[in-house]
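As a basis for the values below, the full set of heavy atoms in this structure was taken, side chains included, without hydrogen atoms, waters or symmetry mates. As the structure is a computational prediction, the values presented were derived from the model and not from experiment. Both ligands and their constituent atoms are indexed starting at 1 by order of listing.
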Amino acid sequence: MIIDALALEQYDSVIELGCGYGQNLFKIFYSGGGINLKYFGGEFTKSGVEMAKKLASIEPNMRAEFFYFNHLKPKFDKKLDFGKKVLVFTCHTIEQVKEIPDNWFKIVSSIAPFVRCIHAEPFGFQICNLGEASQNHKDYFIQNGWNLNFASTLKKANQNGDIIIEDAMLEYSCGTDPFNPTSIAVWRTV
Ligand SMILES: C[S@@+](CC[C@H](N)C(=O)[O-])C[C@H]1O[C@@H](n2cnc3c(N)ncnc32)[C@H](O)[C@@H]1O
């Protein structure tokens with residue numbers, strides 16, 4: 001999906017927030033992301049950032065930078081040069097944060113003059129109950145203290161005029177865990 005989005009429009013950089021050891025960014029690079037694009041990964045764990053940096057150092061053609069990032073207190077070092085037009089994405093990482101702050105979208109939308117963001121996060125149950133999977137999913141998230149406010153915070157940011165929601169798809173894939181189905185939300189700067 002990210003490769004398709006990168007093929008539709010030209011971006012200066014692609015940024016994954018909550019990137020772990022950067023596997024998605026490496027896959028994007030080797031699947032046609034190209035050498036003109038800059039790759040950035042923000043991650044909460046020190047081990048993730050260190051491993052991502054080590055892996056990136058093996059590929060001299062990939063312009064990659066990895067940095068500390070916490071969804072609970074989103075902020076970006078001014079030294080990070082993302083360029084003018086950026087594609088941000090998150091993949092099953094906001095799921096692990098009970099409540100993102102109200103300003104998450106405003107802060108992320110301010111990192112460049114044009115930002116488009118694609119979320120692949122399991123938030124379908126926060127919008128409506130689509131059946132047994134949604135209900136089990138909700139119960140699991142409540143029990144484990146996982147995210148319950150992604151959808152409401154996204155909608156508020158849209159209503160406040162901080163961002164424009166472009167698209168959403170609920171529970172479009174299950175991956176390996178039938179009780180953690182992925183939903184998609186796409187937004188951009190105003
Ligand atoms: C299931 S892994 C997904 C990693 C990566 N997005 C992928 O698809 O391979 C969840 C990631 O979210 C990160 N994470 C958890 N809490 C976070 C937080 N508060 N801020 C940023 N990242 C966080 C974890 O350290 C982990 O790397």
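- Of the protein's non-hydrogen atoms, Phe44 CB, 3.5 Å is the one closest to atom 23 (C) of ligand 1.
- With atom 6 (N) of ligand 1 as the reference point, the heavy atom nearest to it among Glu16, Glu121, Lys46, Gln96 is part of Glu16.
- Remark: minimum distance from atom 14 (N) of ligand 1 to any protein heavy atom is reached at Thr93 OG1, 3.7 Å.
- The single protein non-hydrogen atom nearest to atom 16 (N) of ligand 1 is Val97 CG2, 4.1 Å, given as residue, atom name and distance.
- When the shell of 6.0 Å around OH of Tyr21 is examined, it contains 12 or fewer heavy atoms from other residues, nucleotides or ligands.
- With a heavy-atom cut-off of 4.0 Å, Leu17 does not touch ligand 1 at all.
- Considering only non-hydrogen protein atoms, atom 7 (C) of ligand 1 sits nearest to Asn24 ND2, 3.2 Å.
- Using a 4.5 Å cut-off between side-chain heavy atoms of Ile, Leu, Val, Met, Phe, Trp and Tyr, with links allowed through other members, Leu87 and Ile165 fall into different hydrophobic clusters.
- Closest heavy-atom approach to atom 21 (C) of ligand 1 among the candidates His92, Lys98, His71: His71.
- Taking any N or O of Thr45, backbone or side chain, none lies under 3.5 Å from an N or O belonging to ligand 1.
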Candidate pair Lys156 and Asp102, rule salt bridge (Lys or Arg N to Asp or Glu O under 4.0 Å), full reasoning: CA-CA 8 Å; Lys156 256 187 265 164; Asp102 283 346; 3.6 Å; yes

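- For ligand 1 and Phe69, the ligand atoms under 4.0 Å from any heavy atom of the residue are 20 (N), 21 (C).
- Transitive grouping of hydrophobic side chains (ILVMFWY, heavy atoms separated by less than 4.5 Å) brings Phe67 and Val86 into a common cluster.
- In this model, no donor atom of one side chain and acceptor atom of the other lie less than 3.5 Å apart for Asn149 and Gln126.
- Minimum interatomic distance between Ala5 and Ile118 (heavy atoms only, all atoms of both residues): CB-CD1, 3.9 Å.
- Heavy atoms only, all atoms of each residue included: Leu148 and Phe125 are closest at CD2-CE1, 3.8 Å.
- For atom 25 (O) of ligand 1, the closest non-hydrogen atom of the protein is Glu43 OE2, 2.6 Å.
- Taking any N or O of Cys91, backbone or side chain, at least one lies under 3.5 Å from an N or O belonging to ligand 1.
- Residues His119 and Phe105 bring their aromatic ring centres within 6.0 Å.
- For ligand 1, the atoms closer than 4.0 angstrom to any heavy atom of Cys19 are 5 (C).
- Nearest protein heavy-atom neighbour of atom 9 (O) of ligand 1: Gln23 NE2, 2.7 Å.
- At under 3.5 Å, a nitrogen or oxygen of Gly18, whether backbone or side chain, sits near a nitrogen or oxygen of ligand 1.
- A distance-only check finds no donor-acceptor pair linking the side chain of Glu121 to the backbone of Phe123 [under 3.5 Å].
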Audit row: Lys85, Glu9, salt bridge (Lys or Arg N to Asp or Glu O under 4.0 Å) steps and yes/no: CA-CA 10 Å; Lys85 186 164 176 176; Glu9 283 183 47; 2.5 Å; yes

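- In Asn70, the parts holding a heavy atom less than 4.0 Å from any atom of ligand 1 are both the side chain and the backbone.
- Heavy-atom separations between Gly48 and ligand 1 are all 4.0 Å or longer.
- The aromatic ring centres of Phe69 and Phe44 sit 6.0 Å or more apart.
- Interface of Gly20 with ligand 1, defined as ligand atoms under 4.0 Å from a residue heavy atom, comprises 27 (O).
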